[in-house]
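Ligands are counted one by one from 1 in listed order, and the atoms in each one are counted from 1 as well. Starting from 1, each residue takes its place in the sequence as its number.
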Amino acid sequence: MTDEQLKSEKIVGIIGLGDMGAMYAERFSKAGWKVVGADREDKFVETKAKFAGQAFEVLRSGHHVSRVSDYIIYSVEAKNIGAIVQTYAPSTKVGAVVGGQTSCKAPEIQAFEEAVPEDVDIISVHSLHGPKVDPTGQPLVIIKQRASDENVKFVESLVSCLNSKVVHLSAAEHDKITADTQAVTHAAFLSMGCAWKEINQYPWETPRWVGGMENAKMNISLRIYANKWHVYAGLAITNPSAHGQVQQYAQSATDLFTLMIQGKKKELQERLYEAKNFVFRHNPDHKSLLLDDAILSEFSLSKTPPEGRLQPNSHLSLIAIVDSWHHLGIVPYDHIICSTPLFRIFLGVTEYLFCTPGLLEDCIDVAVSDPSFRHDDLEFTFAARNWANIIARGDYELYKKTFEETQRFFEPKIAHANAIGNEMIKTILQRVKEREQ
Ligand SMILES: NC(=O)C1=CN([C@@H]2O[C@H](COP(=O)(O)OP(=O)(O)OC[C@H]3O[C@@H](n4cnc5c(N)ncnc54)[C@H](OP(=O)(O)O)[C@@H]3O)[C@@H](O)[C@H]2O)C=CC1
Ligand SMILES: O=C(O)C(=O)Cc1ccc(O)cc1
């Protein structure tokens with residue numbers, strides 16, 4: 001079938017009209033597909049009113065969506081995917097295709113394999129960006145679990161209106177890469193947020209955190225705290241590979257902080273240079289960095305421009321990620337094809353620190369000789385260990401509580417940070433494109 005035939009004959013169904021589901025429903029329907037969607041049945045009237053002006057139709061429940069749709073995308077909380085698939089799977093139209101948008105694929109695929117009838121194909125998707133980011137040029141993973149080539153073409157044709165970069169992976173490959181990239185990135189920025197809350201300081205209000213790298217840390221941290229806790233909890237807790245990665249990050253932060261307070265400069269240097277040589281070995285001349293301080297300096301949350309010399313910082317959150325990539329044998333550049341904007345920014349900032357001549361040396365000097373960031377680094381280390389524990393225990397309630405307490409602390413600044421973060425992401429994407437050319 002041609003794309004036009006598919007568009008006129010197929011019906012696309014979305015179960016879960018939250019941030020990502022609504023984004024898909026809006027974009028697919030605007031591109032000319034017939035789209036139906038449902039959120040929780042008890043919210044039907046409210047959901048129908050919310051999307052009244054849209055080109056897609058809101059139905060009463062996932063059963064109603066499943067009965068009529070040729071491709072059904074479950075865009076629901078990861079923790080509940082098993083139960084939700086079990087509920088609606090028996091209503092799936094004969095010969096249809098099902099898939100999900102959750103961030104970790106093992107539980108999603110298992111739910112489909114267990115519950116959907118055998119005549120139904122399984123093709124999952126994952127847009128590697130948040131709902132407010134323009135999907136153009138961002139990676140979109142397609143996972144053909146069990147499907148005819150014709151149905152894969154149907155899904156490709158559908159998602160082509162997003163203009164994303166399609167990457168075909170197995171569920172296992174997807175989960176390994178996203179554990180390496182997303183889970184640790186989130187752990188780092190979640191920990192920064194908790195540390196600022198514990199020392200009771202908005203980082204943009206003090207001259208201690210000034211400069212491009214600091215802007216990136218604040219914007220990304222607040223961007224994560226602007227999202228829903230379950231997105232990050234589900235992604236890390238349901239992905240077993242993520243537990244070890246987050247644990248290693250906490251261990252690296254602990255080890256490096258210990259070397260700092262012991263004043264063991266030589267050991268710290270050796271450890272970080274070994275990590276640098278492993279992670280950044282493809283860019284030994286430090287050419288064409290993803291980001292630089294001048295670019296990042298534009299994106300400040302502070303009202304007053306910085307004055308004088310920037311205060312050097314031990315950058316524990318950045319040196320710990322390079323150390324943990326080294327310990328886990330991860331070369332982050334290998335994952336760029338399947339990376340999120342936040343991961344690319346994190347990589348860009350660490351690359352800037354490690355590959356700009358003189359910066360890492362300054363950072364090591366400060367780390368062992370200047371105690372002014374010790375309290376912050378101590379809180380950061382506690383926070384990293386706490387997140388690793390919560391994730392390892394699979395404690396959704398404690399995750400929610402810890403996340404929401406910090407979210408409340410940053411509440412007054414979240415909208416502003418999101419606006420600046422969007423601009424920063426656009427600039428960085430442009431930069432990545434130029435570098436690719
Ligand atoms: N947000 C992001 O940045 C990204 C998220 N993802 C993944 O996509 C999925 C959706 O995330 P997101 O849209 O952000 O989350 P949301 O919480 O915004 O959306 C999930 C929606 O599903 C609804 N829901 C719950 N139970 C049912 C049900 N039985 N039938 C129909 N709808 C139901 C929820 O209602 P209620 O809230 O009332 O329970 C909610 O409106 C998650 O698995 C997430 O990990 C993937 C990429 C990016
Ligand atoms: O870019 C990020 O890491 C985000 O925070 C947005 C996000 C969250 C969950 C996903 O599965 C994909 C993207």
Side-chain angles (χ1 to χ4, degrees), residues 13-26 36-44 46-47 50-51 58-66 72-89 91 99-105 107-108 111 124-133 135 138-141 162 164 174-175 177-190 219-239 242 335 338-347 400 403 418 421-422 424-425 428-429:
I14 313 279
I15 296 181
L17 290 174
D19 294 336
M20 291 304 283
M23 192 267 277
Y24 267 22
E26 281 169 30
V36 296
D39 208 90
R40 277 197 349 233
E41 192 166 359
D42 55 316
K43 293 196 300 188
F44 172 56
E46 192 187 321
T47 309
K50 180 174 173 189
F51 297 112
V58 175
L59 303 183
R60 180 168 290 279
S61 79
H63 290 296
H64 297 75
V65 168
S66 299
I72 301 127
I73 303 176
Y74 287 76
S75 187
V76 296
E77 221 177 291
K79 177 161 72 78
N80 302 330
I81 184 80
I84 294 176
V85 168
Q86 254 182 28
T87 305
Y88 304 126
S91 303
Q101 168 71 278
T102 64
S103 310
C104 173
K105 294 305 177 189
E108 179 184 296
S124 266
V125 288
H126 186 193
S127 282
L128 287 170
H129 56 85
K132 303 217 165 62
V133 171
Q138 300 290 351
L140 189 168
V141 181
L162 301 172
S164 295
H174 167 278
D175 289 353
I177 295 179
T178 52
D180 288 356
T181 55
Q182 287 188 276
V184 194
T185 304
H186 299 150
F189 290 102
L190 287 166
N219 291 338
I220 303 299
S221 180
L222 265 69
R223 196 177 179 79
I224 287 175
Y225 282 106
N227 213 336
K228 290 177 181 140
W229 70 273
H230 74 73
V231 172
Y232 301 107
L235 186 151
I237 292 174
T238 60
N239 189 338
H335 296 327
C338 188
S339 62
T340 65
L342 303 196
F343 172 74
R344 292 196 290 277
I345 295 174
F346 197 26
L347 175 58
K400 178 171 192 251
F403 186 96
N418 251 342
N422 282 342
M424 195 171 85
I425 285 176
I428 287 163
L429 257 184

For this session: For the pair Ser66 (side chain) and Ser91 (backbone), establish whether a donor and an acceptor sit closer than 3.5 Å, ignoring hydrogens and angles.
Result: no
For this session: Using a cut-off of 6.0 Å, state whether more than 12 heavy atoms not belonging to Lys132 lie near its atom NZ.
Result: no
Problem set entry | ring pair (Phe, Tyr, Trp, His ring centres under 6.0 Å) partner of Phe189, the single match among Tyr225, Phe346, Phe343 | Phe346
Exercise. With a 4.0 Å cut-off on heavy atoms, is Tyr232 touching ligand 2?
Worked result: yes
Exercise. When you look at Ser61 and His64, which way does the side-chain hydrogen bond (donor to acceptor under 3.5 Å, both in side chains) test go after all the steps?
Worked result: CA-CA 5 Å; Ser61 79; His64 297 75; 2.9 Å; yes
Exercise. Does Arg40 have any salt bridge (Lys or Arg N to Asp or Glu O under 4.0 Å) partners at least two apart in sequence or in another chain, and if so, which?
Worked result: Asp42
Exercise. If you measure from the Lys or Arg side-chain nitrogens to the Asp or Glu carboxylate oxygens, is any gap between Asp39 and Lys50 under 4.0 Å?
Worked result: no
For this session: With heavy atoms of Val231 as the reference, note each atom of ligand 2 found under 4.0 Å away.
Result: 8 (C), 9 (C)
Problem set entry | Geometric N/O contact His129 with ligand 2, under 3.5 angstrom | no
Exercise. Of all the heavy atoms in Leu235, does at least one lie under 4.0 Å from an atom in ligand 2?
Worked result: yes
Exercise. How about Ser103 and Gln182: does a side-chain donor come under 3.5 Å of a side-chain acceptor?
Worked result: no
Exercise. Is the shortest N/O to N/O distance between Asn227 and ligand 2 below 3.5 Å?
Worked result: no
Exercise. What residue and heavy atom of the protein are closest to atom 4 (C) of ligand 2, and at what distance?
Worked result: Leu342 CD1, 3.7 Å
For this session: Please write down residue, atom name and distance for the protein heavy atom closest to atom 10 (C) of ligand 2.
Result: Gln182 NE2, 3.1 Å
Exercise. Atom 6 (C) of ligand 2: which protein heavy atom is closest, and how many Å away?
Worked result: Gly130 N, 3.8 Å
For this session: Work out whether the distance between some heavy atom of Thr185 and some atom of ligand 2 is less than 4.0 Å.
Result: no
For this session: Please examine the side chains of Tyr74 and Thr102, heavy atoms only from C-beta on, and report whether any two atoms are closer than 4.5 Å.
Result: no
Exercise. For ligand 2, is there an N or O atom under 3.5 Å from any N or O atom of His126?
Worked result: yes
Seminar exercise, completed: Within 4.0 Å of some non-hydrogen atom of His186, the atoms of ligand 2 are 2 (C), 3 (O), 4 (C), 5 (O)
Exercise. Using a threshold of 4.0 angstrom between heavy atoms of the protein and any atom of ligand 1, which residues qualify?
Worked result: Ile15, Gly16, Gly18, Asp19, Met20, Ala38, Asp39, Arg40, Lys43, Ser75, Val76, Ala78, Ile84, Tyr88, Gln101, Thr102, Ser103, His126, Ser127, His129, Gly130, Pro131, Asn227, Lys228, His230, Val231
Problem set entry | Check: Glu108 side chain, Ala78 main-chain N or O, donor-acceptor pair, under 3.5 Å | no
Problem set entry | pair Ile14-Val65: side-chain heavy atoms closer than 4.5 Å | no
Exercise. Heavy-atom distance under 4.5 Å between the side chains of Cys104 and Leu235, does that happen here?
Worked result: no
